[in-house]
Visitor: 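Take a look at the following structure, please.
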Amino acid sequence: MVKTTKVLTSPAPDIIVKPIYEYDDEQKEKIQSLRDYAYSLHLPDGDPYAPWERRWLDKPDTLPRYLRAAKWKLDDAYKRIKGTIEWRREFQPELIQPDEVKIEAATGKIILTGFDVDGRPIIYMRPGRENTETSPRQLRHLVYILERAKDLMPPGQESLMILVDYKSTTLRTNPSISVARKVLTILQHHYVETLGRAVVVNLPTILSFFYKGIAPFLDPVTREKMRFNPDLFELVPRGQLDADFGGDYQYEFDHEAYWNQLIQYVSPSFPLHFRAGNALELKLIGRACGVAPDGTRVTIPAFPRGTQPSNIPALKDYSPR
């Protein structure tokens, strides 16, 4: 087959997205209670980050994910979402500039492309392609990719798949246990219920100690989602699976082509508000990865009305100020 640099931004046509969550009346009441609590913590309108915080809270999956992670115990859900609100104010994932983290993508050590059999976006991680020294920018790049993966999720999908390929990985290129702990903290505490499946392939014996080292920091839910050397054809359609793993997707990594597609991708019917001087200009150009086509940041995209699943309580209207 002909090689391609095209990033796959939608699942195979015959894919049925799952799981789809439905909530009973009691659960809906708890979702509303968590919403009320989260809004009580909301930044004042004059804070520059306030609209972004509100946008995140208004997404239909945010509050239910925290309640599911808390096993529907409100006190635990309050604690969890408060912790993430504080983390997001400090980290500001929506405002990570593409150019800030672009160098981290230069070798394709983390690539977002394709979808699994349940419609989850796939993040390929290849530690053997490490190209930079340990720094906060590496974590910011990972968070940037997590945010873009959420942008690419089809309606109803709330989770993603991570495939870690240890081919050509050495002790030098493999992340340290301390870095892995920071990654796990971000995934388990601040992207709760977002990891749907984690697959590890080609793990050499010399690196088996690495997973023994991080095992104590894996919560039981994350551990249950991890699989080592599974049959990937059971998890990913052949046309969506990178040919490096036996699939029919003959993806050839090109840094510029990949990065440009990642920041410019749009899908139908998503209103965007772009900053033009001191004015906000509304453009209906599609649902974007939070990045304008020219690489500048989208300011305040309002969540499209009528798109949230019917089983989730209606969101309060919000207009950017």
Visitor: Heavy-atom distance under 4.5 Å between the side chains of Trp52 and Pro93, does that happen here?
Guide: no

Visitor: Using atom types as modelled and distance alone, determine if a side-chain donor or acceptor of Glu53 lies under 3.5 Å from a backbone N or O of Leu43.
Guide: yes

Visitor: Can you measure from CD (Glu90) to CD (Glu86) and round to the nearest 0.5 angstrom?
Guide: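 Reported to 0.5 Å precision, the distance equals 10.0 Å.
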
Visitor: Given side-chain contact (heavy atoms from CB on, under 4.5 Å), test Val236 with Ile122 step by step and report yes or no.
Guide: CA-CA 9 Å; Val236 184; Ile122 301 172; 3.7 Å; yes

Visitor: Any side-chain heavy atom of Leu184 within less than 4.5 Å of one from His189?
Guide: no

Visitor: On a heavy-atom basis, which atom in Val201 and which in Phe245 lie closest, and how many Å separate them?
Guide: CG2-CE2, 3.9 Å

Visitor: Quick one, Leu112 and Pro121 - any side-chain contact, counting heavy atoms below 4.5 Å?
Guide: yes

Visitor: Taking C-beta and beyond as the side chain, do Lys109 and Thr132 meet within less than 4.5 Å on heavy atoms?
Guide: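 They are in contact (side-chain heavy atoms under 4.5 Å apart), so the answer is yes.
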
Visitor: To the nearest 0.5 Å, what is the distance between NZ on Lys6 and CD on Glu252?
Guide: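 Reported value, rounded in 0.5 Å steps: 15.5 Å.
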
Visitor: Looking at OH of Tyr258 and CD1 of Ile111, how far apart are the two atoms once the value is rounded to the nearest 0.5 Å?
Guide: 6.5 Å

Visitor: Consider only side-chain heavy atoms of I, L, V, M, F, W and Y, link residues closer than 4.5 Å, and tell whether Tyr21 and Leu74 are in one cluster.
Guide: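 As far as the 4.5 Å side-chain criterion goes, Leu74 and Tyr21 are connected within one cluster.
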
Visitor: Just how far is it from atom OG1 of Thr84 to atom CD1 of Ile186, taken to the nearest 0.5 Å?
Guide: 11.0 Å

Visitor: State whether the side chain of Thr113 and the backbone N or O of Val7 hold a donor-acceptor pair below 3.5 Å, judged by distance alone.
Guide: no

Visitor: Distance-only, no hydrogens or angles: does the Asp118 side chain make a donor-acceptor pair with backbone N or O of Ile16 under 3.5 Å?
Guide: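 Such a contact is absent between Asp118 side chain and Ile16 backbone.
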
Visitor: To the nearest 0.5 Å, tell me how far Gln157 CD sits from Arg120 CZ.
Guide: 5.5 Å

Visitor: Determine whether the aromatic ring centres of Tyr23 and Trp72 lie less than 6.0 Å apart.
Guide: yes

Visitor: Please lay out, stage by stage, how Met226 and Val200 fare under the test side-chain contact (heavy atoms from CB on, under 4.5 Å).
Guide: CA-CA 8 Å; Met226 293 187 67; Val200 178; 4.1 Å; yes

Visitor: Within a strict 4.5 Å, meaning less than it, do heavy atoms of the Ile31 and Leu67 side chains meet?
Guide: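 Yes, side chains in contact.
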
Visitor: Less than 6.0 Å separating the ring centroids of Tyr191 and Trp56?
Guide: no

Visitor: Search all heavy atoms of Leu160 against all heavy atoms of Ala149 and return the closest pair with its distance.
Guide: CD2-CB, 3.9 Å

Visitor: Run the side chain to side chain donor-acceptor pair (under 3.5 Å) check on Thr222 and Asp219 step by step: do they pass?
Guide: CA-CA 5 Å; Thr222 301; Asp219 66 39; 2.9 Å; yes

Visitor: State, yes or no, whether a side-chain contact exists between Ile110 and Glu104 at a heavy-atom distance under 4.5 Å.
Guide: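 No, their side chains stay 4.5 Å or more apart.
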
Visitor: Apply side-chain contact (heavy atoms from CB on, under 4.5 Å) to residues Ile162 and Val164 and explain how you reach the verdict.
Guide: CA-CA 6 Å; Ile162 294 177; Val164 186; 3.8 Å; yes

Visitor: Looking at Val117 and Ile15, what are the two nearest heavy atoms and their distance?
Guide: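 Reported closest heavy-atom pair: O-CD1, 3.3 Å.
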
Visitor: How long is the gap from OH on Tyr166 to CZ on Phe228, to the nearest 0.5 Å?
Guide: 8.0 Å

Visitor: For Thr194 and Glu158, which I'm curious about, is there any donor-acceptor pair between the side chains at under 3.5 Å?
Guide: no

Visitor: Applying the salt bridge (Lys or Arg N to Asp or Glu O under 4.0 Å) criterion to Glu147, which one of Arg140, Arg88, Arg55 satisfies it?
Guide: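 Only one option passes, and that is Arg88.
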
Visitor: Check step by step if salt bridge (charged side-chain N to carboxylate O under 4.0 Å, His left out) holds for Asp76 and Arg80.
Guide: CA-CA 6 Å; Asp76 189 20; Arg80 286 171 178 264; 3.2 Å; yes

Visitor: Without swapping roles, check the side chain of Asn260 against the backbone of Glu256 for a donor-acceptor pair under 3.5 Å.
Guide: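 Here the side-chain-to-backbone pair exists.
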
Visitor: How close do Ala38 and Leu57 get, counting heavy atoms only, and between which atoms?
Guide: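 That closest heavy-atom pairing would be CB-CD2, 3.8 Å.
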
Visitor: A side-chain contact here means heavy atoms from C-beta on lying under 4.5 Å apart; do Val199 and Pro230 qualify?
Guide: yes

Visitor: Compute the centroid of each ring, for Tyr66 and then for Tyr78, and state whether the two points are separated by less than 6.0 Å.
Guide: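 Not close enough - the centres of the two rings lie 6.0 Å or further apart.
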
Visitor: Walk me through it: do Arg54 and Tyr39 pass the test side-chain contact (heavy atoms from CB on, under 4.5 Å)?
Guide: CA-CA 8 Å; Arg54 180 66 177 268; Tyr39 284 140; 3.4 Å; yes

Visitor: Report yes or no: do Ile81 and Val221 belong to one cluster of Ile/Leu/Val/Met/Phe/Trp/Tyr joined by side chain heavy-atom distances under 4.5 Å?
Guide: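 In one cluster: no.
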
Visitor: Run Arg137 and Glu100 through salt bridge (charged side-chain N to carboxylate O under 4.0 Å, His left out) and show every step you take.
Guide: CA-CA 8 Å; Arg137 188 181 61 200; Glu100 175 191 346; over 6 Å; no

Visitor: Is the shortest side-chain heavy-atom distance between Ile123 and Leu146 below 4.5 Å?
Guide: yes

Visitor: Quick one: does NZ or CZ of Arg238 land under 6.0 Å from the six-membered ring centre of Tyr249, within 45 degrees of the ring axis?
Guide: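 Judged by the rule (NZ or CZ under 6.0 Å from the ring centre, within 45° of its axis), Arg238 is not positioned above Tyr249.
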
Visitor: Indicate the atoms forming the closest heavy-atom contact of Asp244 with Asp242, along with that distance.
Guide: N-OD1, 2.8 Å

Visitor: With salt bridge (charged side-chain N to carboxylate O under 4.0 Å, His left out) as the rule and sequence neighbours excluded, what pairs involving residues 175-195 come up?
Guide: Arg68-Glu193

Visitor: Looking at Glu130, His255, Arg126, Arg129, which one forms a side-chain contact (heavy atoms from CB on, under 4.5 Å) with Thr107?
Guide: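 Exactly one option meets the side-chain contact (heavy atoms from CB on, under 4.5 Å) with Thr107, and it is Arg129.
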
Visitor: For Asp116, which of Arg227, Arg197, Lys18 qualifies under salt bridge (Lys or Arg N to Asp or Glu O under 4.0 Å)?
Guide: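 Exactly one pass, corresponding to Arg197.
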
Visitor: Determine whether Ile103 and Val101 fall in the same hydrophobic cluster, where Ile, Leu, Val, Met, Phe, Trp and Tyr are linked whenever their side-chain heavy atoms lie under 4.5 Å apart.
Guide: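 Hydrophobic grouping puts Ile103 apart from Val101.
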
Visitor: Pro154 and Phe115: which non-hydrogen atoms are nearest, and at how many Å?
Guide: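 Between these two residues, the closest heavy atoms are CD-CE2, 4.0 Å.
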
